[in-house]
Amino acid sequence: MGERSCLAIVLAAGEGTRMRSSLPKVLHRVAGRTLLAHVIRAADATGDVKVAVIAPPGQSGFAEEANGQNVPVSIFQQKERRGTAHAVLTAKEAIARGAQDILILIGDAPLVRPQTLQRMRDALAVGASVVVLGFRAADPTGYGRLIVRGDEVTEIVEQSDASDAQKKIDYCNSGLMALAGNKALAILEKIGNANTKQEYYLTDAVAIARGMGLKVAAIEAEEDEVRGINTKAQLAEAEAVMQQRLRAAAMDAGVTMLAPETVFLAADTKFGKDVTVEPHVVIGPGVTIEDGATIRSFSHIEGARIGKGARVGPYARLRPGADLGTDVHIGNFVEVKAAQIEAGAKANHLAYIGNGRVGEGANIGAGTIFCNYDGAAKHKTDVGKGAFIGSNSALVAPVKIGDGAYVGSGSVITRDVPAESLALERSQQVVKEGWAKRLRELKSLTKKGGKS
Ligand code: UD1
Ligand code: MG
């Protein structure tokens, strides 16, 4: 089937006032990805999809976010909120371009799976003109109810228009729908607003299509999949569902997790084979972890690549641009940002490595700081292959440590160090033999003197 073209219309015009946020609702994130991006990507995964986003007037950030998903997107503004069918018709121009399948998706329902959207498109492909996505609601209050006869949906009745008997029905409308592209405008343009709220209800498409002698099908989804987000508490619930899915997928792909419920992943986290993630690890967006790598407890990682066989943590922090080669060791209380750490290099304890390169097999001692910032600009530190940086050294960028060079402990290095040499920058050690013994003797004398 995959050959059919599709227009996915994403309704995102809700004000989202209950989020109590200056950020538009659909630009909030679940597993590091905006709600809008989740929905666009789920649609895109079903193949040959163009997207139309229905945005509210006067809110910014929609176009940038939508366009960042590598899917053709156009943005339409719904100037007045006059109902879900009115919102869909805002994209009339896109509908008129004639995609075979129209998917209508809700921008604040990011948990919908591509497989479910595919089932909706498949139902269109075998002759339905309208496909409603339904679910069994634990508490149906507030949802439109699906009125079914046999395996057909005859009508959707909104809560505010439902009889007492209809209010007892738990089979509910998720709000997601699919329409046959060649029938969509004819159906949508017949929808009126003669209801309690005087809104143009998309749900009326069901009765109208039936009146036109067209087939209406329903597909059932899990309630979790169609959960809408209106509050921060619901955002956290969606996060929990998404995290469970991501952990399950990671373990399916072979990742070992001792306490998966304590590991947080991002929607785009990529794992190789035989990766182990210990308890209490947080992984943000843009992370790739290659074969055989181990992430130890309490590490926080974002925007980083972790090469084959590398060991990270416990208590490591990898920030964007951290690029760890094969068998690199990054130990406790080490922070790495915008730096390449080449194969076999080690920074095992207490260090800051920012804006630089650590060459193959180099050793960064405890307490080493890459002083990358001079108050105005960031500069680069380059540590050569096999170099050894003694503990508690400050490398003041821009600076280069040559291949195989040594930096003595406690040095503040401000000038380049040639390959294979030693740089030492600290005062001469002074030793006063017998001094401590003499001090103790002097103290005991004064003590005795004090008593008498
Ligand atoms: C809608 C459905 C209902 C379903 C429920 C699921 C209709 C008439 N009713 O009801 O059957 O059970 O969703 O959550 O469709 N929107 C716009 N512009 C508008 C109106 C709505 O963009 O003018 C968007 C909203 O931002 C929201 C979505 O459409 O994302 C649904 O609208 P909402 O007002 O929440 O509809 P419900 O009354 O919840
Ligand atoms: Mg709603």
Side-chain angles (χ1 to χ4, degrees), residues 8-19 24-28 34-36 38-40 52-59 62 75-92 103-112 130-148 153-162 166-167 169-179 187-188 191-208 216 218-231 234-235 238:
I9 300 174
V10 182
L11 305 189
E15 314 98 332
T17 46
R18 290 169 66 207
M19 295 298 269
K25 179 161 72 174
V26 300
L27 299 186
H28 283 75
T34 63
L35 309 186
L36 183 61
H38 277 289
V39 174
I40 291 175
V53 175
I54 313 300
Q59 285 192 335
F62 281 74
I75 308 273
F76 297 87
Q77 288 205 343
Q78 188 192 20
K79 297 210 170 60
E80 248 186 301
R81 213 183 135 91
R82 300 176 66 192
T84 43
H86 178 264
V88 171
L89 276 173
T90 312
K92 182 172 172 179
L103 279 175
I104 296 162
L105 308 174
I106 310 288
D108 65 22
L111 296 171
V112 68
V130 177
V131 182
V132 175
L133 187 66
F135 68 103
R136 302 281 167 186
D139 174 11
T141 313
Y143 291 113
R145 309 300 205 283
L146 300 192
I147 312 298
V148 287
V153 187
T154 59
E155 203 188 343
I156 303 178
V157 182
E158 290 305 298
Q159 170 84 22
S160 50
D161 299 302
Q166 286 170 331
K167 280 180 186 152
I169 297 170
D170 74 342
Y171 196 21
C172 292
N173 175 28
S174 66
L176 278 68
M177 195 181 272
L179 299 173
I187 296 171
L188 291 167
I191 294 176
N193 64 349
N195 50 54
T196 322
K197 289 190 182 167
Q198 295 199 304
E199 282 189 2
Y200 295 85
Y201 284 169
L202 178 61
T203 45
D204 286 353
V206 172
I208 288 168
V216 178
I219 297 277
E220 193 176 328
E222 294 290 310
E223 183 164 14
D224 264 352
E225 223 182 316
V226 297
R227 250 176 223 280
I229 295 174
N230 296 302
T231 63
Q234 289 168 348
L235 185 68

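In this text the structure is predicted, and so the values were computed from the model without any measurement. Just follow the structure's listing: the first ligand is 1, and inside any ligand the first atom is 1.
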For ligand 1, find each of its N or O atoms that sits under 3.5 Å from a protein N or O atom, and tabulate the pairs with distances to one decimal place.
| unit_1 | atom_1 | unit_2 | atom_2 | d |
| --- | --- | --- | --- | --- |
| ligand 1 | 9 (N) | E158 | OE1 | 3.0 |
| ligand 1 | 9 (N) | E158 | OE2 | 3.2 |
| ligand 1 | 11 (O) | G144 | N | 3.4 |
| ligand 1 | 11 (O) | E158 | OE1 | 3.4 |
| ligand 1 | 11 (O) | E158 | OE2 | 2.7 |
| ligand 1 | 11 (O) | N173 | ND2 | 2.8 |
| ligand 1 | 12 (O) | G144 | N | 2.8 |
| ligand 1 | 12 (O) | N173 | O | 2.6 |
| ligand 1 | 15 (O) | T84 | OG1 | 2.7 |
| ligand 1 | 18 (N) | Q78 | OE1 | 2.6 |
| ligand 1 | 18 (N) | Q78 | NE2 | 3.4 |
| ligand 1 | 23 (O) | Q78 | OE1 | 3.4 |
| ligand 1 | 23 (O) | Q78 | NE2 | 2.9 |
| ligand 1 | 23 (O) | R82 | N | 3.2 |
| ligand 1 | 23 (O) | G83 | N | 2.8 |
| ligand 1 | 23 (O) | G83 | O | 3.1 |
| ligand 1 | 26 (O) | G14 | N | 2.9 |
| ligand 1 | 34 (O) | R81 | NH2 | 2.8 |

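- Q159 and R145 form a side-chain donor-acceptor contact under 3.5 Å, judged by distance and modelled atom types alone.
- Under the side chain to side chain contact (heavy atoms under 4.5 Å, CB included) test applied with I104, the options T84, I54, L133, L202 reduce to a single match, L202.
- Environment of NZ in K92: sparse, with no more than 12 heavy atoms of neighbouring residues, nucleotides or ligands closer than 6.0 Å.
- Not a single side-chain hydrogen bond (donor to acceptor under 3.5 Å, both in side chains) links N193 to another residue, sequence neighbours left out.
- Within a 6.0 Å radius of CD in E223, more than 12 heavy atoms belonging to other residues, nucleotides or ligands are found.
- Here the OG1 atom belonging to T203 is positioned 8.0 Å from the CG atom belonging to N195, to the nearest 0.5 angstrom.
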